[in-house]
Each structure stands twice: as C-alpha cells, then as structure tokens.
Amino acid sequence: MSKIQGVHAILAGDYPDPSIVRVGRDYYMTHSSFYYTPGMLVWHSRNLTDWKPIGHAVSESVGGSIMAPDLIYYEGLYYIYFPAGGTNYVVTAEHPAGPWSKPVDLKVGYIDPGHAIDSEGNRFLFLSEGYMIPLSKDGMSTEGELKQIYEGWRYPKEWLTEGFYLESPKLTFKDGYYYMTSAQGGTAGPATSHMIVSARAKSLEGPWENSPHNPIVHTEHRSERWWSKGHGTLVDTPEGEWYIVYHAYEKDYYPLGRQTLIEPIAWTADGWFAAAGVKGDVVQEPAVPSASADRDLVRTDSGQLGLHWHFFGGNRLGDYHIEENYLILKAAPIEQIEPLLCIPVHHTYTVEVTVSVEDEAVGTLGLFYKPGFYYGIGFDGKQVFSFHNHNRSGRTEIFGGTTTLRLVNDEHQIALYFRSLDGEWSKLDYGFEMSGFHHNVLGLFLSLRIALNATGEGNVTFSKFTYRAGL
C-alpha cells in the first residue's frame with residue numbers, strides 16, 4: 001500500500017466513532033449505529049483507504065442507541081463491545097462478515113468501551129470517565145468492581161468546547177507501555193469542541209501520564225474544513241507505519257453526519273506519538289461511491305436487502321420481503337415513523353425510485369432525521385404530493401398505481417419530481433431547505449438519511465432505486 005499523506009477522508013457520510021483492527025494484512029472497521037437496524041456495519045480493507053462493507057454485527061434492536069463500539073481480535077475470535085440502553089454488550093464471531101452471536105449483556109454502565117489485556121493475559125474493559133472493570137477470561141462477563149483510574153487531560157479553560165466529556169478509551173500496547181487514546185471536549189457543539197488525547201502507563205491500573213503532545217488531533221479554528229475532530233483509534237501496518245482513525249463533521253455539511261478520517265502519526269524518541277501529517281486543511285479527497293450500485297436496494301449477488309440499508313428502530317424488520325429484485329414493504333400506521341434508510345455521501349445527489357401501491361397504502365421517498373423531522377414526496381395511487389411529517393402539500397392527480405419519484409438534494413436545497421410510467425418528469429412547487437437537520441439542532445447524534453416508507457393499509461413495491469452524485 002502507498003503511504004497516506006496528510007488527512008484522508010476514507011468514508012464519506014455518517015460513519016462516526018470508528019473502531020479499527022488489523023489482523024495480518026486485513027483491516028476491519030465498524031462504527032456507531034444508534035437506532036438503525038440492522039446495526040454495526042462491518043467494513044474490510046487491505047490498504048486503509050479502500051473499504052468494502054461485508055456484513056452487520058447486530059441484526060435486531062437491542063432497545064437503545066448503539067454508540068462507540070470497540071472491535072478487537074483475540075485468540076481466534078472477533079469481539080465487538082458496545083453500549084446501548086444504559087448497559088454494555090458484547091458480540092462475537094469467527095469472521096467479521098459474520099454470523100455474529102446474539103448480544104450478551106455485560107451488566108455495567110458508562111459508555112464507549114475499550115478492551116485491554118495485561119501481560120498476564122487478564123482482560124479488562126475501559127469505559128467513559130476513566131473507569132475500568134475486569135473481564136472474565138472469555139471476555140463475556142464482567143468481574144469485580146468499577147475503578148476510576150484516569151482523570152483525562154485538562155485542556156485550557158479558554159478553549160470553546162461542548163463540555164469536558166472524557167470518553168472513548170482505546171488501548172494499545174507498544175514497547176512496554178499501555179497507551180490510552182481518548183476523546184474529550186464533546187463530539188459536536190462548537191467547531192473546536194472535540195479532540196483526541198493520549199496517556200501512557202506501565203500498568204493498566206496506572207498511574208497514567210498525559211502526553212506532552214496533547215491534543216493529538218484537534219480542530220483549532222472554525223475556518224478549517226473538518227470540525228469537531230475526535231474519537232481516535234490507533235492502527236499500524238505490517239510495514240510498521242502508524243495511523244490514527246477518527247471522525248469529524250465537514251464544515252457546512254453537518255447533515256451528512258460525522259465522516260471517517262485517517263492521518264499518519266509518528267513516534268518520538270522518548271516513546272510518545274504525535275500527528276505526522278501536514279497541519280491545516282491539506283486533505284486527500286475520499287473515493288466516495290458515485291455509482292448507484294453502491295446503494296443498491298437489493299443485493300444482486302444474494303437477492304437480500306442491500307448492506308447500506310437499515311430501518312429506524314427494530315420493529316419493522318419483518319415487514320418486507322423481496323421478489324425478483326423488487327422490495328415489497330408492508331404498510332404501517334402513519335404514526336409509526338420507522339422508515340427504511342440509507343446514508344448519502346455527497347454534497348449534491350439525486351435519488352429515484354419506482355413506487356407501486358395497492359389497497360390504501362401510501363409510498364414515500366424522503367429525507368429523514370428522526371420522527372417529526374421527515375420531508376419528501378409521496379404517492380397514494382391517485383395523487384403525488386410533497387409532505388413534511390404528516391402534512392401534505394401540492395397534490396397532483398395521476399392515473400395508474402405506479403409512478404417514479406425523484407428527490408434532488410443540492411447542498412441542502414431539496415427539489416421533488418415525479419413521472420408516470422411513460423410520461424415526462426414534472427416538478428412539484430413545494431421544496432425544502434434542510435441545512436439545520438443535524439445534531440446541534442435536533443440532537444441524538446444522527447444524520448439526514450434517504451428514506452423509503454409505506455403507510456396506511458396494504459403493500460408498497462419499490463423498484464429501480466438509483467442514487468447518483470450531482471443533479
């Protein structure tokens with residue numbers, strides 16, 4: 001692999017809280033999946049820059065928001081530790097593509113778990129606010145009591161952050177030291193909020209010494225391209241190169257969520273590490289997906305739901321089936337706002353889908369942040385209309401039970417179109433501006449996602465879905 005220079009955006013779109021592990025020459029990575037199900041999409045790479053999704057680690061809802069997992073490999077088994085619903089869980093697999101086990105409740109609070117092993121083979125789970133708890137030998141349960149072993153790095157009081165928030169402990173052992181890579185400053189809020197800090201110790205229980213190079217990664221001013229840079233994990237290559245993988249918001253594009261970045265680090269003579277990339281906004285552009293195939297609704301290789309698709313919540317996993325590459329979604333009550341979603345990755349993009357409805361069902365194509373913040377275009381078999389939440393506008397009558405819907409997001413400006421099977425495209429008068437659909441305004445750490453939904457009574461068939469960059 002060629003050496004990565006400067007800051008490199010490796011996954012565009014909402015892929016926050018990256019956790020990465022190398023096994024031989026293979027790299028695997030997963031991210032927070034919040035309320036989306038199936039969750040924790042696992043990625044594979046051989047060069048750290050080109051990534052392919054290979055499967056999900058969680059197939060059902062665990063009853064809470066999945067945040068900040070830790071993907072590790074130990075004695076022939078892959079583990080992912082993750083928090084949700086006020087506790088922490090673990091799942092295991094013999095291969096990262098799965099199948100993964102059912103989640104096991106570790107019955108311990110706090111968030112952002114980080115797995116560690118000492119020199120005697122004892123296993124521990126590090127957690128937010130500097131806490132640590134012993135794990136069983138198999139890593140499937142906690143033992144003993146929580147103990148606070150680290151207080152974080154005190155950044156200057158005049159810095160503008162979201163809060164102190166010591167989180168995301170990720171452990172690395174090198175040359176006799178345990179290195180703890182943590183996040184501080186809050187994951188959103190002001191552009192200068194988030195940061196990555198480092199501390200090291202000879203023992204996992206400490207004492208922990210803060211790095212003289214802190215913060216390792218930090219947005220210093222709102223004029224920079226990447227805001228709230230933080231939540232880092234170290235990874236090395238077989239050739240001995242070292243990198244740090246983290247997330248950040250892109251300035252002016254908060255609705256896309258937190259994107260995954262990478263940059264090189266260098267080890268100093270006295271055993272610390274520091275960012276080795278060029279300071280400032282030197283950025284290698286990501287090879288973001290541009291073809292519709294990357295967001296296929298139905299996988300051509302297996303006839304199953306595309307890996308980039310997921311429901312908001314876990315109650316509708318049994319409401320769809322696939323026939324001859326058509327996705328048929330059972331309608332749900334309009335009050336049950338749990339659409340089928342996928343992540344956009346471009347500043348400007350166009351989405352199209354053919355919709356067929358039966359009985360009293362309504363099919364929609366929209367952009368969804370969370371219930372109550374859901375806009376788009378719909379079809380009920382007789383009329384096409386724009387909608388925001390439950391409100392319809394711009395009703396236009398068409399004949400036949402099938403139409404094609406188009407949604408264009410041009411840097412947060414949303415235009416809506418439709419056509420009958422043999423007709424010309426028509427534009428609705430109603431459009432939207434959605435630049436405020438992000439965590440700093442609406443909370444929950446989510447992102448604006450492409451949404452397909454079926455409401456009312458009956459079924460809606462979705463086919464010929466396409467996603468492309470540009471207008």
Discussion item. For the residue pair K107 / N88, report whether a side-chain donor-acceptor contact shorter than 3.5 Å exists.
Written reply: no
Item to complete: Indicate yes or no for a side-chain donor-acceptor contact from N214 to the backbone of S198 under 3.5 Å, with no hydrogens or angles considered.
Response: yes
Worksheet item: Looking at the rings of Y246 and H231, which for Trp means the six-membered one, are their centres under 6.0 Å apart?
Response: no
Item to complete: For this output row, return yes or no: ring centroids of W43 and H308 closer than 6.0 angstrom.
Response: yes
Item to complete: Evaluate side-chain hydrogen bond (donor to acceptor under 3.5 Å, both in side chains) for Y249 paired with H194, printing each intermediate quantity in order.
Response: CA-CA 10 Å; Y249 286 104; H194 218 18; over 6 Å; no
Worksheet item: Would the W51 and Y15 ring centres measure less than 6.0 Å apart?
Response: no
Discussion item. By the definition salt bridge (Lys or Arg N to Asp or Glu O under 4.0 Å), identify the one residue from R25, R22, K3 that meets it with E239.
Written reply: R25
Worksheet item: Has R123 got its NZ or CZ under 6.0 Å from the middle of the six-membered ring of Y79, at an angle within 45 degrees of the ring axis?
Response: yes
Worksheet item: Strictly by modelled atom types, are D410 and T348 linked by a side-chain donor-acceptor pair under 3.5 Å?
Response: yes
Worksheet entry | Shortest non-hydrogen contact from Q259 toward A12 | OE1-CA, 3.2 Å
Worksheet item: Is there side-chain contact between L452 and L297, with at least one heavy-atom pair below 4.5 Å?
Response: yes
Practice prompt. Taking atom types as modelled, find out whether S211 and H213 have a side-chain donor-acceptor pair closer than 3.5 angstrom.
Written response: no
Fill in: Donor-acceptor pair, side chain of R316 and main chain of Q336, under 3.5 angstrom
no
Worksheet item: Just checking, K202 and Y177: is the charged tip under 6.0 Å from the six-membered ring centre and within 45° of the axis?
Response: yes
Worksheet item: H439 and ring-ring contact (aromatic ring centres under 6.0 Å, His included): which partner among F373, F34, F445?
Response: F445
Worksheet item: Would you say P18 and H247 make side-chain contact, with heavy atoms under 4.5 Å?
Response: yes
Worksheet entry | Geometric class of the H115/Y81 ring pair [parallel <30°, tilted 30-60°, perpendicular >60°] | parallel
Discussion item. Suppose we call two aromatic rings close when their centres sit under 6.0 Å apart. Are Y369 and H438 close by that rule?
Written reply: no
Worksheet item: Is a side-chain donor-acceptor pair under 3.5 Å present for S61 with T37?
Response: no
Item to complete: Verify the distance criterion only: is there a donor paired with an acceptor across the side chains of Y349 and N409 at less than 3.5 Å?
Response: yes
Worksheet item: Mind checking whether Y375 and F437 have ring centres under 6.0 Å apart?
Response: yes
Discussion item. Under a plain distance cut-off of 3.5 Å, with no hydrogens placed, do S182 and Y150 share a side-chain donor-acceptor pair?
Written reply: no
Discussion item. If we count only N and O atoms by modelled type, under 3.5 Å, do the side chains of T233 and S19 hold a donor and an acceptor together?
Written reply: no
Worksheet entry | Ring centre gap for W227 and Y254 strictly below 6.0 Å | yes
Item to complete: Would you kindly say whether H8 and T49 are connected by a side-chain donor-acceptor distance under 3.5 Å?
Response: no
Fill in: Polar side-chain atom of R295 near backbone of I343 as donor-acceptor pair, under 3.5 Å
yes
Worksheet item: Just by modelled atom types, is the P255 backbone N or O under 3.5 Å from a matching donor or acceptor in the H412 side chain?
Response: no
Discussion item. Treating K370 as the side-chain partner and L442 as the backbone partner, does any N or O pair qualify as donor plus acceptor under 3.5 Å?
Written reply: yes
